[in-house]
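Keep in mind it's a predicted model, so treat the numbers as computed, not measured. Both counts, for ligands and for their atoms, begin at 1 and track the order of listing. The figures that follow rest on heavy atoms only: side chains count, while hydrogens, waters and symmetry mates do not.
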Amino acid sequence: MEETKKGLLIVVTGPAGSGKGTVLANIVNEGDCAYSVSATTRKPRPGEIDGVNYHFMSVEEFKEHIANNDFLEHAEYVGNHYGTLLSEINGKREKGIHVILELEVQGAANVKRLYPDAVLIWILPPDYATLEGRLRGRATETEEVIQKRMQTAIKELGSFDMFDYIVLNEDGKSYEASRALRAIITAEQHKVSRTDSFVKKFMSTKID
Ligand code: 5GP
(Lines give C-alpha, C1' and ligand atoms only; values in the text may rest on other atoms or scores of the structure.)
Protein backbone atom coordinates (compact mmCIF):
# COMPACT_ATOMS: atom_id res chain seq x y z
CA MET A 1 0.00 0.00 0.00
CA GLU A 2 1.23 3.52 -0.79
CA GLU A 3 2.63 5.11 2.35
CA THR A 4 0.92 8.38 3.36
CA LYS A 5 3.42 10.99 4.44
CA LYS A 6 2.45 12.61 7.72
CA GLY A 7 1.22 16.19 7.37
CA LEU A 8 3.32 19.04 8.71
CA LEU A 9 2.50 20.85 11.92
CA ILE A 10 2.56 24.52 10.95
CA VAL A 11 2.32 27.21 13.61
CA VAL A 12 1.42 30.66 12.33
CA THR A 13 1.77 33.62 14.63
CA GLY A 14 1.08 37.23 13.92
CA PRO A 15 -0.51 40.06 15.79
CA ALA A 16 -4.22 40.58 15.40
CA GLY A 17 -4.16 42.93 12.41
CA SER A 18 -1.30 41.14 10.66
CA GLY A 19 -3.83 40.00 8.07
CA LYS A 20 -2.91 36.36 8.63
CA GLY A 21 -6.52 35.23 8.21
CA THR A 22 -6.64 36.16 4.51
CA VAL A 23 -3.20 34.72 3.81
CA LEU A 24 -4.11 31.42 5.46
CA ALA A 25 -7.50 31.21 3.75
CA ASN A 26 -5.69 31.21 0.37
CA ILE A 27 -3.55 28.28 1.49
CA VAL A 28 -6.36 26.25 3.04
CA ASN A 29 -8.42 26.64 -0.16
CA GLU A 30 -5.71 24.73 -1.99
CA GLY A 31 -6.85 21.54 -0.24
CA ASP A 32 -3.81 19.98 1.44
CA CYS A 33 -3.87 22.11 4.59
CA ALA A 34 -6.49 22.40 7.32
CA TYR A 35 -6.96 24.65 10.32
CA SER A 36 -6.86 23.36 13.83
CA VAL A 37 -9.98 24.96 15.30
CA SER A 38 -9.01 26.24 18.75
CA ALA A 39 -11.12 26.44 21.86
CA THR A 40 -11.61 29.90 23.35
CA THR A 41 -13.49 31.67 26.11
CA ARG A 42 -13.58 34.88 24.01
CA LYS A 43 -17.03 35.94 22.83
CA PRO A 44 -17.65 35.40 19.09
CA ARG A 45 -17.15 38.45 16.84
CA PRO A 46 -19.93 39.21 14.35
CA GLY A 47 -19.76 36.63 11.57
CA GLU A 48 -17.72 34.09 13.54
CA ILE A 49 -19.22 30.62 13.60
CA ASP A 50 -18.90 28.12 16.45
CA GLY A 51 -16.93 25.07 15.33
CA VAL A 52 -15.54 26.90 12.29
CA ASN A 53 -13.60 29.90 13.64
CA TYR A 54 -13.34 28.61 17.19
CA HIS A 55 -15.00 26.22 19.58
CA PHE A 56 -16.51 28.95 21.75
CA MET A 57 -17.00 27.91 25.36
CA SER A 58 -17.40 29.09 28.95
CA VAL A 59 -14.46 29.30 31.36
CA GLU A 60 -15.92 26.25 33.18
CA GLU A 61 -15.97 24.16 30.00
CA PHE A 62 -12.43 25.28 29.16
CA LYS A 63 -11.24 24.22 32.62
CA GLU A 64 -12.92 20.85 32.16
CA HIS A 65 -10.88 20.30 28.97
CA ILE A 66 -7.71 21.20 30.90
CA ALA A 67 -8.61 18.67 33.61
CA ASN A 68 -9.25 15.98 30.95
CA ASN A 69 -5.84 16.64 29.30
CA ASP A 70 -7.60 17.46 26.02
CA PHE A 71 -5.23 20.30 25.13
CA LEU A 72 -1.89 20.14 23.37
CA GLU A 73 -1.28 23.63 24.74
CA HIS A 74 -3.31 26.48 26.12
CA ALA A 75 -2.60 30.09 27.02
CA GLU A 76 -4.19 33.33 28.15
CA TYR A 77 -4.23 36.28 25.74
CA VAL A 78 -5.63 39.73 26.54
CA GLY A 79 -7.96 38.36 29.21
CA ASN A 80 -9.28 35.28 27.41
CA HIS A 81 -8.25 31.62 27.32
CA TYR A 82 -7.25 29.89 24.08
CA GLY A 83 -6.26 26.25 23.57
CA THR A 84 -5.35 23.71 20.88
CA LEU A 85 -7.38 20.51 21.18
CA LEU A 86 -5.38 17.34 20.48
CA SER A 87 -8.42 15.98 18.61
CA GLU A 88 -7.91 18.71 15.96
CA ILE A 89 -4.41 17.57 15.06
CA ASN A 90 -3.49 13.91 14.99
CA GLY A 91 -6.16 12.44 12.70
CA LYS A 92 -5.57 15.10 10.03
CA ARG A 93 -1.78 14.75 10.08
CA GLU A 94 -2.02 10.94 9.76
CA LYS A 95 -4.04 11.48 6.56
CA GLY A 96 -1.22 13.62 5.16
CA ILE A 97 -2.98 16.94 5.75
CA HIS A 98 -0.80 19.80 6.98
CA VAL A 99 -2.37 21.25 10.11
CA ILE A 100 -2.21 25.00 10.65
CA LEU A 101 -2.26 26.33 14.20
CA GLU A 102 -2.81 30.06 14.65
CA LEU A 103 -1.22 30.75 18.01
CA GLU A 104 0.10 33.62 20.06
CA VAL A 105 3.78 33.51 21.03
CA GLN A 106 3.47 31.48 24.25
CA GLY A 107 1.55 28.75 22.42
CA ALA A 108 4.06 28.74 19.56
CA ALA A 109 6.92 28.27 22.05
CA ASN A 110 5.07 25.41 23.77
CA VAL A 111 4.37 23.61 20.50
CA LYS A 112 8.03 23.92 19.43
CA ARG A 113 9.09 22.41 22.76
CA LEU A 114 6.69 19.46 22.38
CA TYR A 115 7.16 19.02 18.61
CA PRO A 116 10.65 20.22 17.59
CA ASP A 117 9.86 19.49 13.94
CA ALA A 118 6.90 21.93 13.92
CA VAL A 119 7.38 24.80 11.46
CA LEU A 120 7.02 28.22 13.08
CA ILE A 121 6.06 31.08 10.78
CA TRP A 122 5.58 34.69 11.74
CA ILE A 123 3.26 36.85 9.62
CA LEU A 124 4.13 40.50 9.98
CA PRO A 125 2.33 43.63 8.82
CA PRO A 126 4.72 46.03 7.02
CA ASP A 127 4.69 48.67 9.78
CA TYR A 128 3.07 49.80 13.02
CA ALA A 129 0.65 52.22 11.32
CA THR A 130 -0.72 49.42 9.11
CA LEU A 131 -1.16 47.18 12.14
CA GLU A 132 -3.07 49.90 13.99
CA GLY A 133 -5.13 50.75 10.90
CA ARG A 134 -6.14 47.10 10.40
CA LEU A 135 -7.04 46.66 14.05
CA ARG A 136 -9.18 49.79 14.06
CA GLY A 137 -10.69 48.92 10.69
CA ARG A 138 -12.12 45.79 12.23
CA ALA A 139 -14.21 48.01 14.55
CA THR A 140 -15.45 45.14 16.68
CA GLU A 141 -13.32 45.91 19.74
CA THR A 142 -13.36 48.64 22.36
CA GLU A 143 -10.58 51.24 22.45
CA GLU A 144 -9.20 49.56 25.59
CA VAL A 145 -8.98 46.16 23.88
CA ILE A 146 -7.41 47.70 20.74
CA GLN A 147 -4.74 49.38 22.91
CA LYS A 148 -4.06 46.14 24.81
CA ARG A 149 -3.80 44.16 21.57
CA MET A 150 -1.33 46.68 20.13
CA GLN A 151 0.81 46.62 23.27
CA THR A 152 0.75 42.80 23.23
CA ALA A 153 1.73 42.75 19.54
CA ILE A 154 4.76 44.97 20.19
CA LYS A 155 5.80 42.84 23.17
CA GLU A 156 5.39 39.63 21.15
CA LEU A 157 7.74 40.93 18.46
CA GLY A 158 10.60 40.53 20.95
CA SER A 159 10.33 36.74 20.47
CA PHE A 160 10.72 36.73 16.69
CA ASP A 161 14.03 34.84 16.74
CA MET A 162 12.48 31.56 17.91
CA PHE A 163 10.58 31.40 14.59
CA ASP A 164 11.81 29.57 11.49
CA TYR A 165 10.39 32.00 8.90
CA ILE A 166 8.97 35.50 8.64
CA VAL A 167 6.46 36.47 5.95
CA LEU A 168 5.66 40.11 5.33
CA ASN A 169 2.01 40.79 4.55
CA GLU A 170 1.93 44.14 2.77
CA ASP A 171 -1.32 45.98 2.09
CA GLY A 172 -3.08 44.56 -0.94
CA LYS A 173 -0.48 41.79 -1.31
CA SER A 174 -1.96 38.92 0.68
CA TYR A 175 -1.74 36.71 -2.42
CA GLU A 176 2.04 37.25 -2.58
CA ALA A 177 2.28 36.45 1.14
CA SER A 178 0.35 33.23 0.63
CA ARG A 179 2.76 32.25 -2.19
CA ALA A 180 5.66 32.73 0.23
CA LEU A 181 3.87 30.51 2.73
CA ARG A 182 3.34 27.85 0.06
CA ALA A 183 7.04 27.97 -0.82
CA ILE A 184 7.91 27.36 2.83
CA ILE A 185 5.55 24.37 3.02
CA THR A 186 7.02 22.89 -0.17
CA ALA A 187 10.59 23.38 1.07
CA GLU A 188 9.78 21.84 4.45
CA GLN A 189 8.31 18.76 2.76
CA HIS A 190 11.64 18.23 1.00
CA LYS A 191 13.83 18.51 4.08
CA VAL A 192 16.22 15.58 4.39
CA SER A 193 15.11 15.08 7.99
CA ARG A 194 11.56 14.35 6.79
CA THR A 195 12.33 12.15 3.81
CA ASP A 196 14.13 9.08 5.23
CA SER A 197 11.23 6.74 4.39
CA PHE A 198 11.42 7.84 0.74
CA VAL A 199 15.13 7.10 0.63
CA LYS A 200 14.51 3.65 2.19
CA LYS A 201 11.79 2.99 -0.39
CA PHE A 202 14.12 4.04 -3.20
CA MET A 203 16.87 1.73 -1.90
CA SER A 204 14.42 -1.19 -1.75
CA THR A 205 13.95 -0.90 -5.52
CA LYS A 206 17.64 -1.63 -6.15
CA ILE A 207 18.24 -4.86 -8.09
CA ASP A 208 21.42 -6.71 -7.06
P1 5GP B 1 -8.23 36.43 18.48
O2 5GP B 1 -8.97 36.76 19.73
O3 5GP B 1 -7.77 37.69 17.75
O4 5GP B 1 -8.98 35.48 17.60
O5 5GP B 1 -6.90 35.66 18.92
C6 5GP B 1 -6.01 36.23 19.83
C7 5GP B 1 -4.69 35.49 19.79
O8 5GP B 1 -4.84 34.16 20.29
C9 5GP B 1 -4.11 35.37 18.38
O10 5GP B 1 -2.72 35.66 18.45
C11 5GP B 1 -4.34 33.92 18.05
O12 5GP B 1 -3.39 33.43 17.12
C13 5GP B 1 -4.18 33.27 19.42
N14 5GP B 1 -4.78 31.93 19.50
C15 5GP B 1 -5.87 31.45 18.87
N16 5GP B 1 -6.07 30.18 19.20
C17 5GP B 1 -5.09 29.83 20.06
C18 5GP B 1 -4.75 28.60 20.74
O19 5GP B 1 -5.38 27.56 20.63
N20 5GP B 1 -3.66 28.64 21.55
C21 5GP B 1 -2.91 29.76 21.71
N22 5GP B 1 -1.83 29.67 22.50
N23 5GP B 1 -3.18 30.92 21.06
C24 5GP B 1 -4.27 30.94 20.26
Side-chain angles (χ1 to χ4, degrees), residues 9-25 27-28 33-59 61-66 68-90 92-93 99-115 118-125 131-160 162-163 165-167 169 177 181:
L9 193 59
I10 303 169
V11 178
V12 176
T13 299
S18 62
K20 59 184 187 287
T22 317
V23 177
L24 291 177
I27 291 290
V28 169
C33 297
Y35 291 114
S36 153
V37 181
S38 291
T40 186
T41 61
R42 168 168 76 61
K43 297 276 167 291
R45 294 190 185 116
E48 283 186 331
I49 299 166
D50 188 30
V52 175
N53 302 94
Y54 280 107
H55 299 290
F56 294 101
M57 58 183 67
S58 65
V59 175
E61 282 175 281
F62 196 93
K63 285 188 174 158
E64 220 174 285
H65 280 297
I66 297 177
N68 292 338
N69 291 320
D70 293 335
F71 287 124
L72 183 151
E73 61 76 42
H74 59 93
E76 211 183 314
Y77 186 89
V78 192
N80 293 302
H81 298 281
Y82 297 84
T84 305
L85 292 159
L86 283 161
S87 56
E88 289 283 329
I89 308 242
N90 296 336
K92 290 172 186 154
R93 289 189 73 200
V99 179
I100 299 178
L101 278 59
E102 276 187 69
L103 307 178
E104 46 64 69
V105 168
Q106 248 176 291
N110 285 334
V111 170
K112 191 75 181 175
R113 190 169 42 78
L114 294 167
Y115 297 87
V119 185
L120 266 56
I121 304 171
W122 191 289
I123 298 193
L124 197 66
L131 170 68
E132 183 168 1
R134 287 181 189 164
L135 263 177
R136 290 193 184 281
R138 189 151 75 188
T140 54
E141 260 113 9
T142 61
E143 179 60 27
E144 191 194 349
V145 171
I146 289 172
Q147 289 297 337
K148 270 197 195 146
R149 280 180 177 262
M150 282 195 305
Q151 283 161 18
T152 306
I154 299 301
K155 209 168 85 193
E156 284 195 315
L157 274 171
S159 314
F160 76 93
M162 78 175 186
F163 285 77
Y165 301 93
I166 290 186
V167 172
N169 183 23
L181 210 67

Colleague: Are the side chain of Thr41 and the backbone N or O of His81 linked by a donor-acceptor pair below 3.5 Å?
Modeller: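 Flag set: sc Thr41 to bb His81 pair under 3.5 Å.
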Colleague: For Arg42, counting its heavy atoms only, list the atoms of ligand 1 lying under 4.0 Å from any of them.
Modeller: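 So the answer, numbered in order with elements, is 1 (P), 2 (O), 4 (O).
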Colleague: Heavy-atom contacts with Arg149 under 4.0 Å: which atoms of ligand 1 show up? List them by number with element.
Modeller: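 In order of number, 1 (P), 2 (O), 3 (O), 6 (C).
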Colleague: Enumerate the atoms of ligand 1 whose separation from the nearest heavy atom of Tyr77 is less than 4.0 angstrom.
Modeller: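 Here the atoms of ligand 1 in question are 6 (C), 7 (C).
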Colleague: Specify the protein heavy atom at minimum distance from atom 20 (N) of ligand 1: its residue, its atom name, and the distance to 0.1 Å.
Modeller: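 Among all protein heavy atoms, the one nearest atom 20 (N) of ligand 1 is Glu73 OE2, 2.7 Å.
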Colleague: Is it the side chain (CB and beyond), the backbone, both or neither of Gln106 that lies under 4.0 Å from ligand 1, heavy atoms counted?
Modeller: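 Looking at Gln106 and ligand 1, no heavy atom falls under 4.0 Å.
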Colleague: Among all protein heavy atoms, pick the one closest to atom 19 (O) of ligand 1 and tell me residue, atom and distance.
Modeller: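 That would be Ser38 OG, 2.7 Å.
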Colleague: Can you pull out the closest protein heavy atom to atom 11 (C) of ligand 1? Residue, atom name and distance to 0.1 Å, please.
Modeller: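 Atom 11 (C) of ligand 1 sits closest to the protein heavy atom Glu102 O, 3.9 Å.
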Colleague: Within this structure, what is the CZ-NZ distance for the pair Phe56 and Lys43, rounded to the nearest 0.5 Å?
Modeller: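 Atom-to-atom, Phe56:CZ and Lys43:NZ are 10.0 Å apart.
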Colleague: Given the side-chain rings of His65 and Phe62, with only the six-membered ring counted for Trp, is the space between their centroids under 6.0 Å?
Modeller: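 Judged by ring-centre distance (under 6.0 Å), His65 and Phe62 do not meet the cut-off.
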Colleague: Using 0.5 Å steps for rounding, measure from the OG1 atom of Thr40 to the NE2 atom of His55.
Modeller: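 Here the interatomic distance stands at 11.5 Å.
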Colleague: To check your reading of the model: name the closest protein heavy atom to atom 9 (C) of ligand 1, its residue, and the distance in Å.
Modeller: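 Here the closest protein heavy atom is Lys20 NZ, 4.2 Å.
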Colleague: Pick one of side chain, backbone, both or neither for how His74 approaches ligand 1, counting any non-hydrogen atom pair under 4.0 Å.
Modeller: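 No part of His74 comes within reach of ligand 1.
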Colleague: Do any nitrogen or oxygen atoms of Ala75 lie less than 3.5 angstrom from nitrogen or oxygen atoms of ligand 1?
Modeller: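 Min N/O separation from ligand 1 is not below 3.5 Å for Ala75.
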Colleague: Measure the CG-OG1 distance between Asn169 and Thr22 for me, rounded to the nearest 0.5 Å.
Modeller: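 Nearest 0.5 Å value for the CG-OG1 distance: 7.0 Å.
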Colleague: Given that the side chain starts at C-beta and the backbone is N, CA, C, O, which of these parts of Arg45 lies under 4.0 Å from ligand 1, counting heavy atoms, or is it both or neither?
Modeller: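 Contact part for Arg45 vs ligand 1: side chain (C-beta onward).
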Colleague: Could an N or O of ligand 1 be found under 3.5 Å from any N or O of Glu48, whether backbone or side chain?
Modeller: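 Between Glu48 and ligand 1 (N or O atoms, distance only) the closest approach is not under 3.5 Å.
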Colleague: Any idea which protein heavy atom is nearest atom 13 (C) of ligand 1, and the distance to it?
Modeller: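 The protein heavy atom lying closest is Glu104 N, 3.5 Å.
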Colleague: Considering non-hydrogen atoms only, spot the tightest contact between Ala108 and Leu120 and give its length.
Modeller: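 Taking every non-hydrogen atom into account, O-CD2, 3.8 Å.
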Colleague: Name the option, out of Tyr54, Phe71, Tyr35, that contains the heavy atom nearest to atom 5 (O) of ligand 1.
Modeller: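 Heavy atom nearest to atom 5 (O) of ligand 1 belongs to Tyr54.
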Colleague: Near Gly107, which atoms of ligand 1 are under 4.0 Å from a heavy atom of that residue?
Modeller: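 With Gly107 as reference, the close atoms of ligand 1 come out as 22 (N).
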Colleague: Any non-hydrogen atom of Glu156 lying under 4.0 Å from ligand 1?
Modeller: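 Contact check Glu156 vs ligand 1: negative.
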Colleague: Testing Arg149, Glu143, Gln151 for side chain to side chain donor-acceptor pair (under 3.5 Å) with Gln147, which one passes?
Modeller: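 That would be Glu143; it is the only one of Arg149, Glu143, Gln151 passing the side chain to side chain donor-acceptor pair (under 3.5 Å) with Gln147.
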Colleague: Does a sphere of radius 6.0 Å around NZ in Lys112 hold more than 12 heavy atoms from other residues, nucleotides or ligands, not counting ones at 6.0 Å or beyond?
Modeller: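 Yes, enclosed.
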Colleague: Decide, yes or no, whether a salt bridge links Glu48 with Arg42 under the criterion of side-chain N to carboxylate O below 4.0 Å.
Modeller: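 The answer is yes: the pair qualifies as a salt bridge.
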Colleague: Taking NZ, NE, NH1 and NH2 as the nitrogens, is one of them in Glu73 or Arg113 under 4.0 Å from a carboxylate oxygen of the other?
Modeller: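 No, Glu73 and Arg113 are not salt-bridged.
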